[in-house]
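Read the structure below first, then the notes.
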Amino acid sequence: MAMNMIQALNSAMDVMLAKDPNVLIFGEDVGYFGGVFRATEGLQKKHGLTRCFDTPIGEGGIVATAIGMGAYGLRPVVEIQFADYIYPAFDQLVSEAARLRYRSAGDFHAPMTVRTPYGGGIFGGQTHSQSPEALFTHVSGLKTVVPSNPYDAKGLLISAIEDDDPVIFLEPKRIYNGPFDGHHERAVQPWSKHPLSDVPEGYFNVPLGKAATLREGNDLTVLAYGTMVHVALASAAEAGVDAEIIDLRTLVPVDIETIVKSVEKTGRCVIVHEATRTSGYGAELSALVQENCFWHLEAPIERVAGWDTPYPHAFEWDYFPGPKRVAAAMRRAMEG
Amino acid sequence: MAMNMIQALNSAMDVMLAKDPNVLIFGEDVGYFGGVFRATEGLQKKHGLTRCFDTPIGEGGIVATAIGMGAYGLRPVVEIQFADYIYPAFDQLVSEAARLRYRSAGDFHAPMTVRTPYGGGIFGGQTHSQSPEALFTHVSGLKTVVPSNPYDAKGLLISAIEDDDPVIFLEPKRIYNGPFDGHHERAVQPWSKHPLSDVPEGYFNVPLGKAATLREGNDLTVLAYGTMVHVALASAAEAGVDAEIIDLRTLVPVDIETIVKSVEKTGRCVIVHEATRTSGYGAELSALVQENCFWHLEAPIERVAGWDTPYPHAFEWDYFPGPKRVAAAMRRAMEG
Amino acid sequence: MKNRKPLSLHVPVPEHRPGDKPDFSELKVPDAGTVKRPPVNARAHEITDLAYALIRVLDNGQKAVGSWNPKLGPETLKRGLRAMMLTRAYDDRMYRAQRQGKTSFYMKSTGEEAVSVAAALALEPGDMCFPSYRQQGILITRNYPIFEMMCQVYSNVKDPLKGRQLPIMYSSKDHGFFSISGNVGTQFPQAVGWAMASAYKGDDRIAASWIGEGTTAEGDFHHALNFASVYRAPVILNVVNNQWAISTFSGIAGADEATFASRAIGYGLPGLRVDGNDFLAVYAATQWAAERARANLGATLIELYTYRAEGHSTSDDPSRYRPTDEAKAWPLGDPIERLNRHLIGLGAWSDAEQEALHKELVEDVRAANKQAESIGTLGTGQPPPVATMFEDVFKEMPWHLARQRGELEA
Amino acid sequence: MKNRKPLSLHVPVPEHRPGDKPDFSELKVPDAGTVKRPPVNARAHEITDLAYALIRVLDNGQKAVGSWNPKLGPETLKRGLRAMMLTRAYDDRMYRAQRQGKTSFYMKSTGEEAVSVAAALALEPGDMCFPSYRQQGILITRNYPIFEMMCQVYSNVKDPLKGRQLPIMYSSKDHGFFSISGNVGTQFPQAVGWAMASAYKGDDRIAASWIGEGTTAEGDFHHALNFASVYRAPVILNVVNNQWAISTFSGIAGADEATFASRAIGYGLPGLRVDGNDFLAVYAATQWAAERARANLGATLIELYTYRAEGHSTSDDPSRYRPTDEAKAWPLGDPIERLNRHLIGLGAWSDAEQEALHKELVEDVRAANKQAESIGTLGTGQPPPVATMFEDVFKEMPWHLARQRGELEA
Ligand SMILES: Cc1ncc(C[n+]2csc(CCOP(=O)(O)OP(=O)(O)O)c2C)c(N)n1
Ligand SMILES: Cc1ncc(C[n+]2csc(CCOP(=O)(O)OP(=O)(O)O)c2C)c(N)n1
Ligand SMILES: [Mg+2]
Ligand SMILES: [Mg+2]
């Protein structure tokens, strides 16, 4: 059945609420209203007031209570309205959710999924456009997941909810309603025309820790996730390079085999993400590739990323790493 | 005059309190008691109750009020008792201190120095041993500074206090009272025997953004900071490699010229830090080196870092990246 | 021990949802003038009743009554009326501009104008305000040009914030208006810090901050009250209880269990609960708290009881979660209408003058907007120079930003 | 407007510092039995006086008086006495062990034993405790073997936490004792979440949590009270006011301005202020709050007024910041002595039995410690296998941790 990402995420939560009475959902405006992006629309009405409810505007309290619920034996799924607002919960995520299993030697653990919309492309300005994934990838004990299409969104979210470790589930908000290749000047595309919008209505999952090779190629390897996967596909076509495009899907634990196999084949690598460049997850990917594939590299690994500034409202398209910048990096990688 | 790092930091704050009435110091236990590591000892008595005082145990409140004071025109210097406890202040640091100048187009800014002891080697367990520097290096608008000896500690702290941007000042607590080369089985060394413990009593500064080459060499380049600088020096001797050892001192903005010049000369690079490996600052350094020096590299860049686990109490020396691991990495870099 | 009654989870729900008839009959509105005004040096624990009362000055006939009556002259009242009306006219115009696709986002303060305007008049020009995104009335009261506000909303080349901020996230140090943050609540403890600095320096300026009732749930609310209490900071902490936080009713913020003003009690601070649609009551409460702060007696928490008459923002659709004409049913009325009636009652104003002033202000807004639009709206006309995107991250631009600027220009 | 009095910054300071004679004469200690016990279903706003009172059952003659008297039989009282004495004997032994270099760190609960032990007895075994690092008395009351506690302190191969945690950061799900965190306060809202889960599931178990008065300044304190209030979570939120937070006196946490119990008022929760050195008062208050929670009436905040008789931890030296024998001057006495006197007054106990019990417990501790030390102390004997360092980061070990374990073993 054709779904956009919002519908796919909604379906994943609907399926899990029906399947497991220990699953419950809460967050700011997620209850009666169904969330500012409508991802939980109808779930309270269908499953009941205590299974999907609104919370006070205290991200730290949302995550802390979710940890307590996880310790009790529930599987809370919480929404942080925008990834830009996850920082008040940072201590509970880093010092608590991520550490509980380890510090108690498995005596306690807190399964929990933290859903949050991230990324740019919507003129959201500095506090509705951030991509904080790198921060979470540095924290031992957290898994970080980023879907790039409706099928994966549903399958990965179900896996995240069923996972016994805390999962940060970052949703690329720019592509909630349609794929986006970075060509903002062109007409918006609906998901319905995209093959990966064909999503089973019932239960299924996509395993965490496995990347997807969206395009096979021999010239160079592109490592991307979220919205940038679509930008990379368009950029490769425009740059006229036979790129192998890997959608990482899970950042931690990352699918190292798929990455290494590809770079050993192509000898060239371009890494793209929206997040600011310095100490972004692209740095870790670059280091991993260089450590694992050094003798195969024929050119410097390229990083295309957000500039090291806050996300400026007026300069949405100068900031967003679009096809022009990505294609240029591909060409550099081919020349190099 | 011979000072250990605590005395040097204390002297820096003493000098700045005397020099600038807009400088004030606050934090948990820093007032009457002088801080759990004694860094502010005597400052309240000497400069007055309102110049150096105790705060409630609310890191978020400490940083938030410092931002307000900075906006007023003061230069607050706050202490977070351990870097492990900085996360409750993360939102105020990332969303506020780091962004204020940018989002207000220079209308407001908040000069502030956040001093905090970090790192392992003291059997502090999971919550007194962390090295969170990478998180701050990813945040546009924050400067991140790490001294490795008494002279730099004083000179860099004075520069940080005088700097008009927010500075995260990470103090390697293992070497507060003496240098440490990782050989925990050997007798502790006092700073007094170390040349860089000779610190001017009065005002001086060490500029931010400039690395120090502690040892020149031709075999390989070591990038380190904090305690690991001393471990690197010892390891190079033990590995018998003619290493060029660079103490970065400032992580952001990093001294790229010094790094590139050195790696272009040696063609080999080993990066060492205590922080967990994945998405640690070593990843950014590795990416920078391979982007800027790719054609000069003769072997894969090595990262020696903390394991991707919380810091376990009983395994202090299995966790701490000591000379054995660093020397081994140097040898691999030479073979490669 | 088993066969004990099972526990159950309580989730608060509002009285009325879409489809229901709006009805505030359970809401008891005490008569104006019934609450006594204590001396500004009253001990906090002796006036805890004020945290549960509702300070009102304008009675149902819009006459000023009782000991909280600030006894303002017609000139001040007219300044207030004008600022509230200009704020509303500005909001209406900018809302339309967003609907016309001229910018990405807008937020109105309709129905809450007294909260900002009366406070701004009761404060002194040097006092620093740390607002949320719904106190544009402060800037307007302090005569910040609406033209500049419009340029900010349009992110054009004349935008004082160089196109970096979402519309309405104004900043003007010269007008004692702190840079608005997108993260709610962060300004509350920052205001306390500013006030502590003023006290530290022996200054006589105070700080004031505003957050919504929903935002009281953030840790920063607690930090603000705690630090303000411990260090007796000269600050006024305002909670604008407009009943809604986007789609979430105030019960989810705790309103079913206690008033927001009563949060002050546990910190030993005075808490005042005020009719936020009563211009004179807001003025009087602010004045009381300001005098107290300037007398070195510390902070006051003020709950301003009002109603968010329109959607949360242009991204919101309130008809999805509350009865459509709930705003009209709001028992505390409209602040502009009430002040207008009051002035007319004083014989200092007339419907004709009101009508004329309205026309004049709408025309001022139209003219300023024409000028602002002629410079540029979001995505059209003249944007700020793109290279400025890399400035002000730090005071001096470090190498990596200079290099990135180079890449962009390449 | 200038020539107004300049502001000044207030920084609270304690009455007495090293060198001063300890003196608590300003501290008014109300007589035992003077505070009325309300029904457990009393409305929070009707009993706000309890947040400023001091609930005491044992009078100066250590007789149990007043309506809060839980009327416990001698057996329960003796269990409590034994648990408190064992806790103190255990603390003394482990403190010495740290001084002897057998571990890195230790924290005593001396003088505060009633806070943990009486609460643990008033709760039911299935209730989940979210303690701070100073409630080892709960584990001991719930018969967790001190041998295992010692192995944790020594990080040896028998440490249930595999050497991963700092000494005293115990965890035992089987004993309803949540894994202690090094970050203060985080457990307070977690306990609320656990309680919400229990209510969500229609369970009848409740949660309880403990933090120090200094920790009330964390945002998590606010989150806990707020979420507990909004969702009526069945949880008991305890603030152990032992006057000190490392070197910082309670005034820096706000104690000069209001009681910690009164923080409950602004959330519409009951706040009880209790003599924390009065075993019966702590038991009674906990029992009241537990009954209330189990009746689905929600959370209670309890301030336990006590004194940290020893240093903060083995890393601390209180003589640097407070008068040396302040502990002896503490007007609320010692919980063990007081319960001992009470039992003797009942004719159910004697000095001889007390002496014998003390000997017995010291011997039990000695024996357990001998056994624990024989297995290993920090850095000697048998540590946990080093490869386990990489386990439990995730449920299943991902490739990068397996690779790192390989590197370590190489
Ligand atoms: C830290 C943070 N969390 C969440 C949000 C998203 N958000 C923006 S406004 C808002 C509602 C605030 O309601 P209230 O405090 O009552 O203010 P009002 O809009 O009614 O003036 C929310 C949840 C945010 N901006 N920042
Ligand atoms: C988030 C955080 N900040 C600071 C610390 C350092 N610290 C440990 S205990 C303590 C004092 C706590 O005092 P209190 O809450 O009164 O508890 P008590 O020690 O008196 O039992 C501090 C500041 C910490 N562990 N965690
Ligand atoms: Mg509101
Ligand atoms: Mg304490």
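Per chain, numbering begins at 1; letters A, B, ... match sequence-line order. Any value given below was found using the heavy atoms of this structure, including those in side chains, with hydrogens, waters and symmetry copies removed.
Interface check for chain B: of the options C293(A), A299(A), G60(A), the most heavy-atom pairs under 4.5 Å are formed by A299(A). For chain A, the option among A283(B), S140(B), S279(B) with the highest count of heavy-atom pairs below 4.5 Å is S279(B). Ranked by heavy-atom pairs under 4.5 Å with chain B, the list D308(A), L135(A), D84(A) is led by L135(A). Contact count against chain A (heavy-atom pairs under 4.5 Å) is highest for W295(B) among W295(B), Y281(B), W307(B). Most heavy-atom pairs under 4.5 Å with chain B: of the set Q92(A), E302(A), R277(A), this distinction falls to R277(A).
Looking at Y87(B), the atoms closer than 4.5 Å to chain A (heavy atoms on both sides) sit in the backbone and in the side chain alike. The parts of Q290(B) that come within reach of chain A are both its backbone and its side chain, each placing non-hydrogen atoms under 4.5 angstrom from that chain. The part of E298(B) that comes within reach of chain A is its backbone (N, CA, C, O), which places non-hydrogen atoms under 4.5 angstrom from that chain. Both the backbone and the side chain of L288(B) come within less than 4.5 Å of a heavy atom of chain A. Neither the backbone nor the side chain of I271(B) comes within contact range of chain A, judged by heavy atoms closer than 4.5 Å. Neither the backbone nor the side chain of E59(B) comes within contact range of chain A; no heavy atom of the residue lies under 4.5 Å from a heavy atom of that chain.
Few gaps surround NZ on K265(B); more than 12 heavy atoms of other groups in view lie less than 6.0 Å from it.
In terms of heavy atoms, T278(A) sits closest to V252(B) at CG2-CG2, 4.4 Å.
In this structure a side-chain-to-backbone donor-acceptor pair under 3.5 Å is missing from S286(A) to A287(B).
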Check the pair V94(A) / F90(B) against side-chain contact (heavy atoms from CB on, under 4.5 Å), numbers first and verdict last.
-> CA-CA 11 Å; V94(A) 171; F90(B) 206 68; over 6 Å; no
Pair E291(A)-I301(B), side-chain contact (heavy atoms from CB on, under 4.5 Å): steps then yes or no | CA-CA 7 Å; E291(A) 286 156 2; I301(B) 301 159; 6.0 Å; no
Take L297(B) and F294(A), measure what side-chain contact (heavy atoms from CB on, under 4.5 Å) needs, and give me the verdict at the end.
-> CA-CA 10 Å; L297(B) 284 174; F294(A) 182 80; 3.9 Å; yes
